[in-house]
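Notes follow once the structure below has been shown.
If you read the sequence from its start, that first residue is 1, and numbering goes on from there. Predicted, not measured: the structure shown is a model, and the values here were computed from it.
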Amino acid sequence: MKNKVGSKFYWFIAISVCLSILISSITIAFYLLNQFEKEVLLKDELHLKGLVGNVEGFIDRSYSLNYQLSVNPIIIDNLLNAPKEWSKRLQSYISQYEVGRGLSDNSGLPLFIQMQKQYDFVELFFLQDIQGKQTARSFGIPGLRDKRWWFRKMMTDEHHSPFVSKSYFSLTGDKPVSSIFHPVLHNNKLIGILGTDINFDFLQTFVSKHIFSKDLYAMITDNEGVVIAHPNKEMLRKIYNLKNMSLEVLESKVSYDGVLDNSGHMKTSKNHLDWDPKISDIVKNAIEGKSGFEQEVILDEKLHTLYYHPVAVAGSEKNFTVILVRDQSTLISTKIKIVFFVLGFTVCTIFILLFMFHFFFKRFILTPLGTLTSSIKQADIDQTSPVTLKSNDEFETLAETFNELHNKLRKARSNLVDLNEKLEEKVEMRTTELRLINEELGKEIDEHRITTEKLREARDQAESASHAKSQFLANISHELRTPMHGILSFVTLGLSKIDTLKRGKIKQFLGEIHSSAHRLLNLLNDLLDLSRLESGKEKYIFEEHRLSPVVSKAIAEMSAFHRDKNIAVTFEDPNFDDRALFDGAKITQVLQNLISNAIKFSNEGGRVKLELTESDKNIMVAVADNGVGIPGNELESVFDKFVQSSKTATGAGGTGLGLSICQKIIGDHQGKIWAEINPKGGTILKFMIPRRI
């Protein structure tokens with residue numbers, strides 16, 4: 001059985017297509033995975049920096065509050081006027097305040113109570129003299145604190161420097177706290193120490209508000225590596241030291257001197273933390289002022305990525321640490337989805353291409369080749385020599401057919417010689433006639449070529465118009481259908497539940513209906529504006545105005561739009577006379593359309609800049625954005641009716657009428673409007689109007 005050329009060529013193309021698509025798909029998969037990891041890393045690092053800034057602000061606010069109280073005259077007077085004898089001081093304090101209960105209107109020094117109620121992050125205010133005897137608290141019974149480590153630290157420091165403490169167990173409660181200490185001075189002489197306990201629970205709530213992903217959580221350690229903020233509140237009941245990998249638990253809840261060790265700390269039992277050693281290195285680096293991230297860290301038997309950054313604190317050479325923890329299981333799941341998506345796309349693409357190739361190859365190659373072979377076998381065509389070909393395919397069959405014809409034509413050759421002699425004379429005569437005919441045909445061919453080119457241009461214009469019409473119909477259908485569907489949905493739902501709906505829900509439905517109706521109205525206004533402008537029925541009121549107030553007004557009217565997308569819109573008044581003769585309402589419409597486009601096609605957090613410049617007789621307005629941009633070959637076509645840029649034709653809505661309306665209005669002002677590529681990314685839309693028309 002002969003191997004056919006068609007089969008050889010078919011399998012060669014099929015294998016080539018499969019290999020090409022497979023290699024392309026693998027490359028795309030690797031690229032997508034790499035980009036995904038980079039985007040996650042970048043977002044998490046930005047998230048961490050924002051969280052660090054907030055924590056720094058929190059610590060600075062706490063530190064500043066403690067300092068302001070330490071120089072308050074009420075605090076200084078309290079220390080100076082406190083009874084010297086401890087028993088009298090204690091008795092006087094207990095009789096004056098309700099010390100047997102928590103924070104209340106009369107639980108301690110009024111200034112402390114007022115400040116603690118005002119600032120949620122405060123756990124306790126306390127004040128003691130230089131003998132360690134407390135003179136005031138926000139709540140609770142005053143005690144002797146002369147043996148506490150922080151008191152010793154302040155008193156042994158010749159400069160009495162303020163500081164933010166490491167985490168420690170307070171005598172007031174059975175959970176760790178971190179405190180801020182400031183010296184209280186009178187006539188430049190130390191007379192006492194003011195302390196503020198920071199509420200760890202509030203700090204955790206503060207941190208959690210800045211985490212927006214279920215795959216992320218944050219924890220904070222103090223300058224010794226102790227966890228002071230963590231989603232698991234049970235961890236805050238003990239001292240988890242991630243630097244030393246140790247766990248400290250309070251041995252007793254009794255508040256007396258016997259529970260203190262030699263260093264002035266509460267007695268605790270220490271246990272080793274069997275956590276990933278990488279965590280200890282991360283905390284040590286951050287305490288020393290380093291930042292970065294570590295991947296494949298094991299927490300709770302799962303792989304995590306830990307981002308870390310130091311937070312400077314007053315009175316300490318060491319830093320607090322903010323650690324952002326990302327669960328890698330979700331990232332791995334997403335990567336698997338990407339791989340399966342690319343794999344599925346590859347299989348489908350190969351199947352479709354092979355099917356199309358098989359269909360068209362059979363239709364355009366094999367079938368015509370069979371027909372040609374059959375025709376050659378039946379034809380009487382002159383062939384001077386036989387064809388010998390051993391290729392074992394259709395071309396060998398074609399050669400055999402030619403050989404059969406050769407035998408037949410050789411018998412007819414003698415008859416043709418006689419006829420040829422008679423035909424020579426006729427050929428000469430006909431040659432002259434054909435020369436004249438050929439000249440006429442040449443002229444007709446030239447005319448036909450010109451006509452064909454004109455028809456081709458007309459066809460291209462018709463196809464372009466048809467495409468624009470189809471695009472417009474698709475866009476206008478979508479733009480009309482979406483808000484109309486929203487109106488009908490909320491009206492139907494409201495009618496079905498009118499007897500049970502609450503006033504607030506009815507107001508919400510009416511708001512949705514109003515929003516959709518407003519969107520329909522804007523679309524119809526665009527269509528009516530374009531109709532009036534093209535029919536010449538639009539009337540202009542040309543008056544002399546300054547252009548900069550019109551620009552500022554247009555920006556103000558679009559403020560809600562750009563605030564929703566967190567986009568900064570900037571404009572500076574020009575330093576030249578910007579008066580010109582124009583229709584204020586129409587130019588405002590142009591500005592609003594250009595600003596709306598710039599905001600619509602900019603990413604969240606982007607920037608839009610407006611600028612006025614002048615020439616001898618014209619004023620130019622530029623609206624620059626850093627959004628998706630317009631390809632260079634589309635800078636002119638975007639001003640055509642019903643045409644949108646290929647980068648903005650999907651995903652942002654619209655019918656492609658806005659820039660066409662702007663072009664018509666500027667043209668009626670005898671001006672010019674155009675688009676440019678922004679060198680910094682995005683697009684610059686400019687228009688120029690004359691000072692005098």
Rounded to the nearest 0.5 Å, the CG atom of L216 sits from the CG atom of L324 at a distance of 5.0 Å
Applying salt bridge (Lys or Arg N to Asp or Glu O under 4.0 Å) to K318 and not counting sequence neighbours gives E224
query = So do F163 and W150 actually touch side chain to side chain, heavy atoms under 4.5 Å?
reply = yes
Under the 3.5 angstrom rule, does the side chain of H160 hit a backbone N or O of P183 as a donor-acceptor pair?
no
Rounding to 0.5 Å, atoms CG (L242) and CE (M219) come to a distance of 5.5 Å
K88 meets the salt bridge (Lys or Arg N to Asp or Glu O under 4.0 Å) criterion, sequence neighbours left out, with E85
Output for pair (I298 CD1, I279 CD1), nearest 0.5 Å, gives 9.5 Å
Review point. Given side chains that start at C-beta, do those of T221 and V226 come closer than 4.5 Å, heavy atoms only?
Key: no
Next on the checklist: Within the structure provided, determine whether F181 and T196 are in side-chain contact (heavy-atom separation under 4.5 Å).
Outcome noted: no
Kindly indicate whether the side chain of M155, heavy atoms from C-beta on, has any atom under 4.5 Å from the side chain of I193. yes
- Task: Determine yes or no for a side-chain-to-main-chain donor-acceptor pair under 3.5 angstrom, with D129 supplying the side chain and Q131 the backbone.
- Result: yes
N-O pairing of D281 and K243 below 4.0 Å
no
**Stepwise side-chain contact (heavy atoms from CB on, under 4.5 Å) check, N66 with L194** = CA-CA 7 Å; N66 199 68; L194 175 66; 3.8 Å; yes
Check whether F571 forms a cation-pi arrangement with K609 (NZ or CZ under 6.0 Å from the six-membered ring centre, at most 45° off the ring normal).
no
Output for pair (S246 OG, N271 CG), nearest 0.5 Å, gives 9.0 Å
Determine whether a donor-acceptor pair (N or O, by modelled atom type, separation under 3.5 Å) exists between the side chain of R89 and the backbone of K133.
yes
Next on the checklist: Whether D105 and K117 form a salt bridge (side-chain N of Lys/Arg under 4.0 Å from carboxylate O of Asp/Glu) is what I want to check.
Outcome noted: yes
The reported gap from CG in N603 to CD1 in I567 (rounded to nearest 0.5 angstrom) is 8.0 Å
K565 atom NZ, over 12 foreign heavy atoms within 6.0 Å
yes
field: Pair D197, S179: side-chain N/O donor-acceptor within cut-off below 3.5 Å
entry: yes
Do I141 and L90 come close enough that some side-chain heavy atom pair is under 4.5 Å? yes
Would you say the ring centers of H182 and Y63 fall short of 6.0 Å from each other? yes
Inset, instruction - Taking S559 for its side chain and A556 for its backbone only, find out whether a donor-acceptor pair lies under 3.5 Å. - result: yes
* Asked: Is there a donor-acceptor contact under 3.5 Å from the side chain of S95 to the main chain of S92?
  -> yes
Between H230 and Y217, is the ring centroid distance below 6.0 Å?
yes
task: Please report the C-alpha distance between S104 and F139 in whole Å, then the side-chain angles of each, then the deciding distance to 0.1 Å, and finally whether the side-chain contact (heavy atoms from CB on, under 4.5 Å) criterion is met.
output: CA-CA 8 Å; S104 66; F139 66 91; over 6 Å; no
**Message:** With a 3.5 Å distance limit and no angle check, can you tell me whether S64 reaches the backbone of R61 through a side-chain donor-acceptor pair?
**Reply:** no
- Task: Determine whether V297 and T305 make a side-chain contact, defined as any pair of heavy atoms from C-beta on separated by less than 4.5 Å.
- Result: no
| said: For L65 and F121: C-alpha separation, side-chain torsions, deciding distance, then whether side-chain contact (heavy atoms from CB on, under 4.5 Å) applies. | reply: CA-CA 11 Å; L65 174 62; F121 58 83; 3.9 Å; yes
Verdict with supporting geometry, K680 and N626, side-chain contact (heavy atoms from CB on, under 4.5 Å):
CA-CA 7 Å; K680 298 180 180 179; N626 56 358; over 6 Å; no
Interatomic distance, OG1@T135 vs CD@Q128, rounded to 0.5 Å, equals 7.5 Å
Short side-chain to backbone donor-acceptor contact, Q134 and G143, under 3.5 Å: yes
Heavy-atom closest pair (S178 atom, S165 atom, distance to 0.1 Å) is OG-O, 2.9 Å
Q.
Tell me whether K278 at atom NZ has more than 12 heavy atoms from other residues, nucleotides or ligands lying less than 6.0 Å away.
A. yes
Practice prompt. Verify whether one side chain among S138 and Q116 offers a donor that lies under 3.5 Å from an acceptor in the other.
Written response: yes
Minimal heavy-atom distance between W275 and M245, with the atoms involved, is CB-SD, 3.8 Å
(Q) More than 12 heavy atoms of other residues, nucleotides or ligands under 6.0 Å from CD of E572: yes or no? (A) no
Side-chain contact, heavy-atom cut-off 4.5 Å: V55 with F320?
no
Q. Within a reach of under 6.0 Å around CZ of R607, are more than 12 heavy atoms found that belong to other residues, nucleotides or ligands?
A. no
Contacts of Y308 meeting ring pair (Phe, Tyr, Trp, His ring centres under 6.0 Å) (sequence neighbours excluded), chain-then-number -> none
From the list I76, N72, N78, D77, side chain to side chain contact (heavy atoms under 4.5 Å, CB included) with I74 holds only for N72
(Q) Does atom CZ (F58) have a neighbourhood of more than 12 heavy atoms from anything else shown, all under 6.0 Å? (A) yes
- Query: Would you say E98 has more than 12 foreign heavy atoms packed within less than 6.0 Å of its CD?
  - Reply: yes
Quiz item: Are S107 and I113 side-chain neighbours, meaning at least one heavy-atom pair lies under 4.5 Å?
Solution: yes
Query raised in the report: Around D274, counting heavy atoms of other residues, nucleotides and ligands shown, do more than 12 lie under 6.0 Å from its CG?
Result: no
